[in-house]
Asker: 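Take this structure first; my questions come after.
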Amino acid sequence: LYLIDMMNKHKVLRWSNQDLTPHDLVNFSEILGPIWVNDSNGILSGNNESDRHHPETNKITLVSNNEKGVLADIEVPWHCDVSHKPWHSKGGTMPFRCLYGVVTAPDETSVTSWFDQEYLYDNCPQDLLEEIKDLLMVNKALYNTAWEHNIIPFVLTDPITQRKSIALQKIFYNSFIGKTIKEGEMIRHRLFEIALRPENIIRHEWKVGDLIVSNSYNTAHQRERMFTQHERTLWRTTFQ
């Protein structure tokens, strides 16, 4: 309960110098909530044969610039996980993520950042809040996935804390229902000027043994391009 309270307050929690096995990571995640088993890429992806047959394999996704992971060595711009269809189709109301650094680039080029969407709502000008309070946002998948598009409220209400946040993002955003393309871009430009203030950003340079838990309901995150020949591998669990 203490950790969940801290998640609600701070959105992103970080630990260093951990030494976790896949089983440890799954146990830690399941203390906080039931894991969504990822049936499409929820695998350690077989860096070796023992990983392929590990009993916890279907609960962990490999996020890596290795060809066996779910991401190549590319930038992944700002996005919020509530844009994904599994948030709806799997009955979830509160997605969280655990990320654990297994192998990371030794030149410290592997970077993930987050911004707080509740901060964005709290600091949004009143005229803009009036304009967006009932907006619906259309999201479209940009890569091969189980969902093509979905529609979510742009202003979200946390089902636990009842605090409001704004689901601002770049990569999956397609349009706002009832707004022209130009109107939508003007809204998003004003909001990104607030969201990306330095005091609202956590920028994390990964090292082996780093463990991060993030509240994906009211934060957006991005991964920077690595520009390295070294491997960057994280284990990820998603839980409710």
Side-chain angles (χ1 to χ4, degrees), residues 11-12 14 38 40-42 45 47 60-87 95 97-117 119-120 137-150 152 166-175 181 184-185 187-208 210-238:
K11 313 299 189 301
V12 179
R14 298 186 286 176
N38 192 324
S40 60
N41 56 25
S45 289
N47 283 341
I60 294 176
T61 296
L62 183 73
V63 183
S64 174
N65 60 316
N66 183 286
E67 62 181 9
K68 297 175 181 177
V70 298
L71 288 179
D73 184 10
I74 59 174
E75 178 187 8
V76 183
W78 292 108
H79 60 287
C80 46
D81 285 340
V82 293
S83 63
H84 293 279
K85 188 176 180 180
W87 175 59
R97 285 280 171 91
C98 273
L99 282 170
Y100 177 60
V102 185
V103 179
T104 58
D107 47 2
E108 298 185 355
T109 57
S110 181
V111 178
T112 307
S113 300
W114 291 261
F115 72 73
D116 186 344
Q117 295 178 161
Y119 173 99
L120 176 58
M137 180 172 62
V138 181
N139 300 297
K140 297 199 74 172
L142 299 181
Y143 48 83
N144 185 24
T145 183
W147 60 283
E148 294 182 357
H149 75 277
N150 71 344
I152 66 169
I166 300 175
L168 181 65
Q169 62 173 344
K170 289 187 177 180
I171 189 171
F172 295 120
Y173 167 80
N174 179 261
S175 62
I181 294 176
E185 289 308 306
I187 288 171
R188 295 172 71 245
H189 177 74
R190 289 182 67 187
L191 289 172
F192 269 114
E193 285 187 331
I194 301 168
L196 300 184
R197 291 173 181 170
E199 68 267 22
N200 195 40
I201 301 288
I202 290 177
R203 186 175 184 272
H204 183 77
E205 296 185 354
W206 283 95
K207 295 180 175 60
V208 175
D210 288 349
L211 172 65
I212 292 184
V213 186
S214 63
N215 185 335
S216 299
Y217 192 86
N218 44 34
T219 62
H221 56 280
Q222 73 168 3
R223 171 194 166 176
E224 298 179 11
R225 178 87 187 269
M226 287 178 58
F227 297 105
T228 180
Q229 296 302 311
H230 295 100
E231 174 64 0
R232 178 262 208 190
T233 299
L234 307 177
W235 295 345
R236 185 185 74 202
T237 61
T238 303

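Residue numbers count from 1 along this sequence.
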Asker: Could you tell me the separation between the SG atom of Cys80 and the CG atom of Leu168, rounded to the nearest 0.5 Å?
Answerer: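 It is 7.5 Å, given to the nearest 0.5 Å.
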
Asker: Would you say that Arg14 contacts Ile202 through its side chain, given a criterion of any heavy-atom pair below 4.5 Å between the two side chains?
Answerer: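 Sidechains of Ile202 and Arg14: in contact.
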
Asker: Test salt bridge (charged side-chain N to carboxylate O under 4.0 Å, His left out) on Glu193 and Arg190; report intermediate values, then the result.
Answerer: CA-CA 5 Å; Glu193 285 187 331; Arg190 289 182 67 187; over 6 Å; no

Asker: So which atom in Cys98 and which in Val213 form the shortest heavy-atom distance, rounded to 0.1 Å?
Answerer: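 Shortest heavy-atom separation between Cys98 and Val213 comes out as SG-CG2, 3.7 Å.
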
Asker: Is a side-chain donor or acceptor of Asn200 paired with a backbone partner of Asp116 at a separation under 3.5 angstrom?
Answerer: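 Judged by distance alone, yes, a pair lies under 3.5 Å.
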
Asker: State, to 0.1 Å, how close Asn215 and Thr219 come at their nearest heavy-atom pair, and which atoms those are.
Answerer: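 Of all heavy-atom pairs spanning Asn215 and Thr219, the closest is O-OG1, 2.7 Å.
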
Asker: If I take atom CG from residue Leu211 and atom CG from residue Leu234, how far apart are they, to the nearest 0.5 angstrom?
Answerer: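 Going from the CG atom of Leu211 to the CG atom of Leu234 covers 11.0 Å.
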
Asker: Once you round to the nearest 0.5 Å, how far does CG of Leu120 lie from CD1 of Ile166?
Answerer: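 Separation between the atoms: 4.0 Å.
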
Asker: Determine whether Gln117 and Tyr217 satisfy the following criterion, side-chain contact (heavy atoms from CB on, under 4.5 Å), listing intermediate values before the conclusion.
Answerer: CA-CA 9 Å; Gln117 295 178 161; Tyr217 192 86; over 6 Å; no

Asker: Would you check if Tyr100 and Ile60 make a side-chain contact, meaning some heavy-atom pair closer than 4.5 Å?
Answerer: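 Answer no - side chains too far apart.
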
Asker: Do Tyr173 and Arg188 have side chains that get closer than 4.5 Å, going by heavy atoms?
Answerer: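 Counting from C-beta outward, Tyr173 and Arg188 do come under 4.5 Å.
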
Asker: CD1/Ile171 to NZ/Lys140 distance, rounded to the nearest 0.5 angstrom?
Answerer: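 Going from the CD1 atom of Ile171 to the NZ atom of Lys140 covers 14.5 Å.
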
Asker: Check Gln222, His221, Arg223, Lys170 against His79 for a side-chain hydrogen bond (donor to acceptor under 3.5 Å, both in side chains) and give me the one that passes.
Answerer: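 Only match with His79 under side-chain hydrogen bond (donor to acceptor under 3.5 Å, both in side chains): His221.
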
Asker: What is the distance from atom CD of Glu185 to atom CZ of Phe192, rounded to the nearest 0.5 Å?
Answerer: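 Taking CD in Glu185 and CZ in Phe192, the distance rounds to 9.5 Å.
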
Asker: Taking C-beta and beyond as the side chain, do Trp114 and His204 meet within less than 4.5 Å on heavy atoms?
Answerer: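 The answer is yes; the side chains approach within 4.5 Å.
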
Asker: Is it the case that the side chains of His149 and Asn174 hold a donor-acceptor pair, with the cut-off being a distance below 3.5 Å and no angle test?
Answerer: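 There is no such pair (donor and acceptor under 3.5 Å, judged by atom type) between the side chains of Asn174 and His149.
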
Asker: Asp210 and Lys207: which non-hydrogen atoms are nearest, and at how many Å?
Answerer: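 In this case the closest contact between Asp210 and Lys207 is OD2-N, 2.9 Å.
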
Asker: What do the steps show when you test Ile194 against Tyr119 for side-chain contact (heavy atoms from CB on, under 4.5 Å), and what is the final call?
Answerer: CA-CA 9 Å; Ile194 301 168; Tyr119 173 99; 4.1 Å; yes

Asker: Looking at CH2 of Trp78 and CZ of Phe172, how far apart are the two atoms once the value is rounded to the nearest 0.5 Å?
Answerer: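 Result: 14.5 Å between the selected atoms.
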
Asker: Residues two or more places apart in sequence or in another chain: which of them pass salt bridge (Lys or Arg N to Asp or Glu O under 4.0 Å) with Arg203?
Answerer: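 Scan of Arg203 (salt bridge (Lys or Arg N to Asp or Glu O under 4.0 Å), adjacent residues dropped) gives Glu205, Glu224.
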
